[in-house]
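The sequence lines fix the lettering, A, B, ..., with proteins before strands; numbering per chain opens at 1.
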Protein chains: 2
Amino acid sequence: MKDEFFKSMNAVISKCLPGNSIDCVVFGYENYQLKTLLLKWKQEDLWSLPGGFIYLDEDLDAAAVRVLKERTGVTSMFLDQFYTFGEKERSKMNSKIISARFSNYTQQDLFGKNNFVEWIDKRFITTGYLALANIEKTLVNPDVFSEKYAWVNVHNLPELLLDHNKIIERALHQLRIQLNYMPIGISLLPEKFTMQDVQKLYEAILQKPLERSNFQRKMLKLDIFKREEKQLTGAANKAPYLYSFNKEKYNELLTRGIGFNY
Amino acid sequence: MKDEFFKSMNAVISKCLPGNSIDCVVFGYENYQLKTLLLKWKQEDLWSLPGGFIYLDEDLDAAAVRVLKERTGVTSMFLDQFYTFGEKERSKMNSKIISARFSNYTQQDLFGKNNFVEWIDKRFITTGYLALANIEKTLVNPDVFSEKYAWVNVHNLPELLLDHNKIIERALHQLRIQLNYMPIGISLLPEKFTMQDVQKLYEAILQKPLERSNFQRKMLKLDIFKREEKQLTGAANKAPYLYSFNKEKYNELLTRGIGFNY
DNA sequence: ATTTCAATGTATCATTATGACACAATAAAA
DNA sequence: TTTTATTGTGTCATAATGATACATTGAAAT
């Protein structure tokens, strides 16, 4: 039992770079709320970001793609490195968590040669990746430390492992800045959507109300949408048009960018 | 001699995180050209970015501040982490460079226990920092590997160590994006300057001509300048006004940002 | 069947921003 | 005194923006 666990973990760490990790802030959009994917640790009341280590022969960016694939099943999502966190104290809590987590093991179990506990009880530098996912299209698969997952409103988060709250804070800041020079949302919205859907998404990200008709005018002027037929299903009001993204024009705008020109 | 060098290097590496480094892209502005600070290696025809390692008890960001201080003497410059480079092959050339560099040493010298060469001949992940410096105010101090330095036009760079060309390319990209949502330049311009100076700087960064009178109107509308007296010295033309930055308003705009609003 | 309700698509309009260009002013050189 | 280059400012047509208005229209309520 003990042997099994440590044998498998030692196998993992022997293939990974020591002292470096990645953490993914996966944003999703559901019920008009901006959410992020969290994993709950086995046994403990502790939530954390999905993350992982970098294989010795693997590019850093590739590690992020792999971890995201392992956790969500999705490969083709918006994924962007946004910051590397290297405060000297940031991973200090690892040892506490580890000792609580493995309190039924002996010191020898925990600190034998080439041991996982010893390996992880070091200072780590982690690189944060920002991902945008369509919640309905993901099939979340918790990692070996986790028993379950949840999509949690980013504006109502519990206290997380280590500096993960800070990492999410920074990812959100980055997302808001990105909104100012590139259209985001193709990854967060369903295939077809209304302009109100887009507006609600932007409001959820920016956390401020936007004027409806001007927002619509401005968005449509970007010329990245294709207007579909009228939406028939619906509520007690005039049926809105459905839109989809014109992916060529969307991607072109992504690379060209929008914004302040001199 | 040999002993001296390795003793000092072993002392250095024993205090540093293995496998992680930082590289600084220091932009400066001189003769209407955007330049970056490069160091030339001793003996070899090889240039590289100023960089360094992270002390075991030092924050990542603090390491960047320290390295910048050690190389340029300046502490209070604009400094921003912009990307972490972790391609698996990126530091492969270290071994070649090392062996060329130390070709007069024996294998035993080079690969003894706890040896600097062994330490550096590993895969490294490096975090890039973008700095803006006033060239006249810096006092460059090459590191132990370097014999001299130079401020080189970023649009006319030689082939550099490892992936340093790529790192500069990305820093420049980041700088251009930053221009779109924050005013940059207070660090690159002298205390007092003309609007033409600002325009030339922007043209050097963006590599495209800007329309004079509209540029002036747009910049002044940002309301971050203080108009000083007329410039008396000068060429065969009407004397332009001198400006300085209103630092309160400048910093406020830096945090608020400019750009596309929804 | 008619009315009510809520949200949509579009329009208006005053204000501001933008790009292109014009031109008198002026410091120094010819 | 004239020439030259650059500056500060103005004009003007066009586009973008923010605030608001209103007729339209599905579905629910009466």
Whole-Å distance, A:Glu228 CD to C:dG9 P, equals 14 Å

Nucleotide by nucleotide, nucleotides 11-17 of chain C touches protein heavy atoms under 4.0 Å in the pattern (B base, S sugar-phosphate only, - none) B------

Hits for salt bridge (charged side-chain N to carboxylate O under 4.0 Å, His left out) against A:Lys69, two or more places apart or cross-chain, chain-then-number order -> none

Separation of D:dT6 atom C1' from B:Tyr32 atom OH, nearest Å, is 12 Å

Salt bridge (charged side-chain N to carboxylate O under 4.0 Å, His left out) filter on A:Glu203, not counting sequence neighbours, yields none

Is there a donor and acceptor pair, one atom on the side chain of A:Lys238 and one on the base of C:dT8, closer than 3.5 Å? yes

From CZ of A:Arg212 across to P of D:dG18 the rounded distance in Å is 16 Å

Rounded to whole Å, OH of A:Tyr243 lies from P of C:dT8 at a distance of 11 Å

Residue set satisfying salt bridge (charged side-chain N to carboxylate O under 4.0 Å, His left out) with B:Asp61, at least two apart, ordered chain then number -> none

Contacts of A:Arg170 meeting side chain to side chain donor-acceptor pair (under 3.5 Å) (sequence neighbours excluded), chain-then-number -> none

When rounded to whole Å, the CZ to P distance for the pair B:Phe215 and D:dT7 reads 12 Å

Winner on side-chain proximity to B:Gln216, out of D:dT9, C:dT8, C:dC21, is D:dT9

Hits for salt bridge (charged side-chain N to carboxylate O under 4.0 Å, His left out) against A:Lys40, two or more places apart or cross-chain, chain-then-number order -> A:Glu147

Using a 4.5 Å cut-off on heavy atoms from C-beta on, say whether the side chain of A:Leu161 contacts that of A:Trp41.
-> yes

Separation of C:dT8 atom C1' from A:Leu242 atom CG, nearest Å, is 13 Å

Between CD of B:Gln199 and P of C:dG19 the distance, given in whole Å, is 13 Å

When rounded to whole Å, the CZ to P distance for the pair B:Arg227 and D:dG8 reads 7 Å

Does A:Gln196 place a side-chain N or O at less than 4.0 Å from the phosphate oxygens OP1/OP2 of C:dT8?
yes

Which of A:Asn134, A:Leu132, A:Leu188, A:Ile135 passes side chain to side chain contact (heavy atoms under 4.5 Å, CB included) with A:Tyr29? It is A:Leu188

